[in-house]
Amino acid sequence: MQIGVYKLKNNLVVAPMAGVTDRPFRQLCKKMGAGMAVSEMVTSNSLLWGSEKTKRRANHDGEVSPISVQIAGADPEMLAAAAQYNADQGAQIIDINMGCPAKKICNVMAGSALMKNEKLVDRILHSVVDAVNIPVTLKIRTGWDLQNKNALTVARIAENNGIQALAIHGRTRACAYRGNAEYDTIAAVKSLVKIPVIANGDISTPEKARHVLEYTKADAIMIGRAAQGRPWIFREIDYYLNNGEYLPPPKVSEIHAVLMQHLNDLYQFYGEYAGVRIARKHIAWYTKGLAGSAGFRQKMNQLKTCEEQLSETNSFFTQLSDHNQYLQYIKEEGAVAV
């Protein structure tokens, strides 16, 4: 899989997720097997570039190449300026968000709402590609709603404007994350365009990853929610795709160490106050389905310092390792919408 001058080590991409794919999470997923990770959305509103939130999102210190930054907005000139700004901050690939179904994004005619206006899509893509000398990629959905699937038309517009890779979530904006993702539209787009196509939606197991790649003929797959609390899913899928066999489940001791490092990275990146609060959701994702985790998570939500969080996490994983050297889940986890 190649995007511009950047050749990825494999065809597994971390989906951009607001409030999740910050620098610590992106670095962790890359370390655990992802070929690329796309940042959470960075606003195209220049008035907010000086805010702490935007500066953190534009912070790529020590991040493994390629650095892909997603920008969001609806104005071609503002998006072009945002692309230039992020390229100056170290972005090596600019990704344009036309896939987010969130109301607060669509209500300002950004995200997947843009797919309603194909002429505006054309103007945006032309402006952004023309503004930077680094690769520009695009994330879309299959369409606005089930009666208006226009991914093929948008894909043609993207290719004609020099977009160098196209990620498609197999749902419409109206579907949000409900129901099952469909891959027929992704397969149709792949057969239509020559640029790399990345399939996204409901990919939560190695078998599903192989099925989606084979069915759509996509060049890569993008994984979002299934990686929350389970960043090792990328190495599991990579191994399965290459060998047709499963890796053994991770040892408790390894994931204990992974989580502790992740927590420390969050504290360092956000500071103690925000870091502790952001860490809570990650701890919940890591421990979901593990024996005794419900009480642990409930207690975790009351803790307010780094030391308390680290101490309780240490105790919980020590107890797990006393019972089994491998992670064991109480019940089989179902498919996760990504």
Side-chain angles (χ1 to χ4, degrees), residues 3 6 8-10 12-45 48-72 82-97 99-100 132 134-137 139 167 198 222-235 255 257-286 306 309-310 313 338:
I3 300 176
Y6 300 103
L8 308 188
K9 67 179 182 180
N10 59 31
L12 308 178
V13 182
V14 186
M17 294 176 282
V20 180
T21 49
D22 53 20
R23 193 186 73 193
F25 187 77
R26 295 194 305 272
Q27 288 176 318
L28 176 57
C29 289
K30 289 177 180 179
K31 184 178 179 181
M32 303 208 77
M36 187 173 78
V38 185
S39 78
E40 52 188 330
M41 290 181 291
V42 176
T43 180
S44 60
N45 186 348
L48 300 175
W49 291 349
S51 70
E52 284 303 313
K53 178 185 286 188
T54 299
K55 285 194 287 187
R56 267 198 304 269
R57 290 183 175 183
N59 182 330
H60 316 293
D61 294 347
E63 191 169 347
V64 176
S65 177
I67 297 167
S68 176
V69 175
Q70 186 178 83
I71 57 175
Q84 292 172 322
Y85 168 78
N86 283 284
D88 291 342
Q89 298 299 309
Q92 296 168 322
I93 297 171
I94 295 294
D95 185 62
I96 303 173
N97 183 327
C100 179
V132 293
I134 59 176
V136 180
T137 61
K139 175 94 185 287
I198 304 167
M222 180 175 275
I223 298 169
R225 294 186 183 185
Q228 294 175 351
R230 190 183 160 192
W232 57 91
I233 189 174
F234 295 101
R235 73 179 184 195
I255 303 311
V258 167
L259 176 53
M260 295 297 282
Q261 183 61 57
H262 192 178
L263 295 181
N264 280 303
D265 288 345
L266 290 171
Y267 303 149
Q268 185 175 9
F269 191 63
Y270 289 102
E272 179 167 45
Y273 181 84
V276 165
R277 283 151 183 79
I278 290 167
R280 288 171 183 164
K281 62 186 175 187
H282 287 281
I283 293 169
W285 290 329
Y286 274 92
C306 304
Q309 271 193 346
L310 292 171
T313 301
V338 293

Participant: Could you check if a side-chain atom of Asn264 sits within less than 4.5 angstrom of a side-chain atom of Leu310, using non-hydrogen atoms only?
Facilitator: yes
Participant: Do Ile283 and Leu263 make a side-chain contact, defined as non-hydrogen atoms from C-beta onward lying under 4.5 Å apart?
Facilitator: yes
Participant: Looking only at non-hydrogen atoms, find the nearest pair between Thr21 and Ala15 and report the distance.
Facilitator: CG2-O, 3.1 Å
Participant: Is any NZ, NE, NH1 or NH2 atom of the basic residue among Arg23 and Glu63 found under 4.0 Å from an Asp or Glu carboxylate oxygen of the other?
Facilitator: no
Participant: Asn86 side chain to Ala82 main-chain N or O, any donor-acceptor pair under 3.5 Å?
Facilitator: yes
Participant: Is there a side-chain contact between Tyr267 and Pro24 in this structure, where contact means two heavy atoms from C-beta onward sitting under 4.5 Å apart?
Facilitator: no
Participant: Side chains of Met36 and Pro66: closer than 4.5 Å at any heavy-atom pair?
Facilitator: yes
Participant: Can you check whether Val38's main-chain N or O pairs, donor with acceptor, with Gln70's side chain at less than 3.5 Å?
Facilitator: no
Participant: Decide yes or no for His60 and Arg26: does some side-chain heavy atom of the first lie under 4.5 Å from some side-chain heavy atom of the second?
Facilitator: yes
Participant: Tell me the closest heavy-atom pair linking Glu40 and Gly19, and the distance in Å.
Facilitator: OE1-N, 2.7 Å
Participant: Are Arg280 and Arg277 packed together at the side-chain level, in the sense that at least one heavy-atom pair is separated by less than 4.5 angstrom?
Facilitator: yes
Participant: Please determine whether the number of non-hydrogen atoms from other residues, nucleotides or ligands lying under 6.0 Å from atom NZ of Lys53 exceeds 12.
Facilitator: no
Participant: Please work out whether the ring planes of Tyr286 and His262 are parallel, tilted or perpendicular, with thresholds of 30° and 60°.
Facilitator: perpendicular
Participant: Please evaluate residues Val132 and Gln84 with respect to the criterion side-chain contact (heavy atoms from CB on, under 4.5 Å), reporting the C-alpha separation (whole Å), side-chain torsions for both, the decisive distance (0.1 Å), and the verdict.
Facilitator: CA-CA 6 Å; Val132 293; Gln84 292 172 322; 4.2 Å; yes
Participant: Are the side chains of Lys139 and Cys100 in contact, using a 4.5 Å heavy-atom criterion?
Facilitator: no
Participant: Report the C-alpha distance between Ile93 and Ile134 in whole Å, list the side-chain angles of each, state the deciding distance to 0.1 Å, and finish with yes or no for side-chain contact (heavy atoms from CB on, under 4.5 Å).
Facilitator: CA-CA 6 Å; Ile93 297 171; Ile134 59 176; 5.8 Å; no
Participant: Could you tell me whether the side chain of Val258 reaches within less than 4.5 Å of the side chain of Met32, counting heavy atoms only?
Facilitator: yes
